[in-house]
Amino acid sequence: MANYVGVEGLVAICIAHLSHLLSVLAVFDLTRALFFNYSVTIAFKAAAFHIISPAGLFLSSPYAESSCALLSFAGCLLFTKSIVHGGPKTGTHDLLVVLAGICFGIATTFRSNGILNGLLLLEEAFRTLLALRDGIQFGVMRRLLATGLGGMCVGAGFLIPQYIAYSEYCEGTDTDVRPWCQRFIPSIYTFVQDYYWYVFSRARCDDLV
């Protein structure tokens, strides 16, 4: 059997660097889409600031930070392009909302706090509902359906990993049931955050003593 020791880490680091590079480009395009009346200099500065992001080493290490950032920025860019100023919304614009939801959902599988991206779709859903005061129109209903599908994609990105973890650690007969399985809301996310981050932080403090 081939020895792949170290190769996985190298591949993960390459993926992290590539994701960080693409996220910088996504920030550039997103800034231009948001501030289209301004010069390219604003977009360049925004992209440059993301290069020196406070996330620091996490964006270059074999970690989910850079991948989540890339998918989040890509989703925001798609969502921004789905907004029409002074014109009718087409099916293509509504499709961009669904694609944005898919990006947000995948980002949430990398990091659970990516679910906050869904607030964009929630706000758009409320704004579309308000448009129904002027009467039921096909374009408005299509937009509402698109935001609903996008929101479901974001929710799936949060719930599917939770379901997989529950099936593996809480329903298996060959493994000991983990403590979080007995909670009223059995969430592996909160358990990992509370337990393993505490253990890691405690170990780091012991190393410094």
Side-chain angles (χ1 to χ4, degrees), residues 19-20 22-47 49-50 53 64-166 185-190:
S19 297
H20 186 39
L22 294 177
S23 66
V24 170
L25 300 177
V27 169
F28 181 85
D29 289 339
L30 176 60
T31 307
R32 292 201 66 186
L34 290 172
F35 305 100
F36 50 87
N37 290 327
Y38 293 87
S39 65
V40 180
T41 305
I42 301 297
F44 178 81
K45 290 181 178 179
F49 278 125
H50 182 61
S53 168
E65 187 81 31
S66 56
S67 298
C68 180
L70 169 61
L71 291 164
S72 297
F73 288 136
C76 289
L77 178 60
L78 291 170
F79 181 80
T80 301
K81 290 183 178 296
S82 75
I83 303 298
V84 179
H85 300 281
K89 293 183 176 68
T90 65
T92 302
H93 293 108
D94 297 334
L95 178 61
L96 291 176
V97 174
V98 179
L99 294 177
I102 293 174
C103 287
F104 291 151
I106 300 175
T108 305
T109 63
F110 281 94
R111 297 202 67 198
S112 59
N113 57 4
I115 197 173
L116 296 176
N117 292 318
L119 292 176
L120 285 174
L121 300 177
L122 182 61
E123 186 273 339
E124 180 67 9
F126 282 130
R127 196 161 64 90
T128 305
L129 283 173
L130 290 176
L132 291 176
R133 294 180 302 179
D134 300 329
I136 298 177
Q137 303 176 23
F138 175 73
V140 176
M141 296 302 297
R142 186 185 60 203
R143 186 73 172 186
L144 188 61
L145 176 62
T147 55
L149 290 175
M152 291 174 62
C153 291
V154 180
F158 183 86
L159 294 176
I160 290 178
Q162 170 67 40
Y163 172 76
I164 294 174
Y166 187 87
I185 300 179
S187 173
I188 192 174
Y189 297 121
T190 55

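Computed from a predicted model, the values in this text were never measured in an experiment.
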Side chain to side chain contact (heavy atoms under 4.5 Å, CB included) partners for [X], two or more places apart:
| X | answer |
| --- | --- |
| Leu34 | Leu30, Thr80 |
| Leu121 | Phe79, Val97, Phe104, Val154 |
| Phe126 | Leu122, Leu129 |
| Val24 | His20, Ala47, His50, Ile51 |

Determine the minimum heavy-atom distance between [X] and [Y], stating which atoms define it.
| X | Y | result |
| --- | --- | --- |
| Cys103 | Leu78 | SG-CD1, 3.9 Å |
| Gly157 | Pro161 | O-CD, 3.3 Å |
| Ile188 | Ala165 | CD1-CB, 3.6 Å |

Between [atom1] on residue [X] and [atom2] on residue [Y], distance to nearest 0.5 Å:
| X | Y | atom1 | atom2 | result |
| --- | --- | --- | --- | --- |
| Ile115 | Thr109 | CD1 | OG1 | 12.0 Å |
| Ile185 | Gln162 | CD1 | CD | 10.0 Å |
| Ser66 | Phe110 | OG | CZ | 8.5 Å |
| Thr147 | Arg127 | OG1 | CZ | 10.5 Å |
| Cys153 | Leu99 | SG | CG | 9.0 Å |
| Thr108 | Ile160 | OG1 | CD1 | 11.0 Å |

Just grab all the salt bridge (charged side-chain N to carboxylate O under 4.0 Å, His left out) pairs involving [range], residues at least two apart or on different chains.
| range | value |
| --- | --- |
| residues 110-119 | Glu65-Arg111 |
| residues 135-144 | Asp94-Arg142, Asp94-Arg143, Glu124-Arg143 |
| residues 144-165 | none |

Open item on the list: For a 4.5 angstrom cut-off between non-hydrogen side-chain atoms, does Val140 reach Leu144?
Closed with: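 Contact flag for Val140/Leu144 side chains = no.
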Is there a donor-acceptor contact under 3.5 Å from the side chain of [X] to the main chain of [Y]?
| X | Y | value |
| --- | --- | --- |
| Ser67 | Ala64 | no |
| Gln137 | Leu132 | no |
| Arg133 | Leu130 | yes |

- [ ] Scan residues 138-159 for pairs that pass ring-ring contact (aromatic ring centres under 6.0 Å, His included), counting only residues two or more places apart or in two chains.
- [x] Phe158-Tyr189
TODO: Could you pull out all residues at least two apart from Thr90 that satisfy side-chain hydrogen bond (donor to acceptor under 3.5 Å, both in side chains)?
DONE: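 Thr90: side-chain hydrogen bond (donor to acceptor under 3.5 Å, both in side chains) contacts with His93.
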TODO: Quick one: which residue pairs count as a side chain to side chain donor-acceptor pair (under 3.5 Å) with a foot in residues 112-121, not counting sequence neighbours?
DONE: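 Counting only pairs at least two positions apart or across chains, the side chain to side chain donor-acceptor pair (under 3.5 Å) contacts touching residues 112-121 are Ser72-Asn117.
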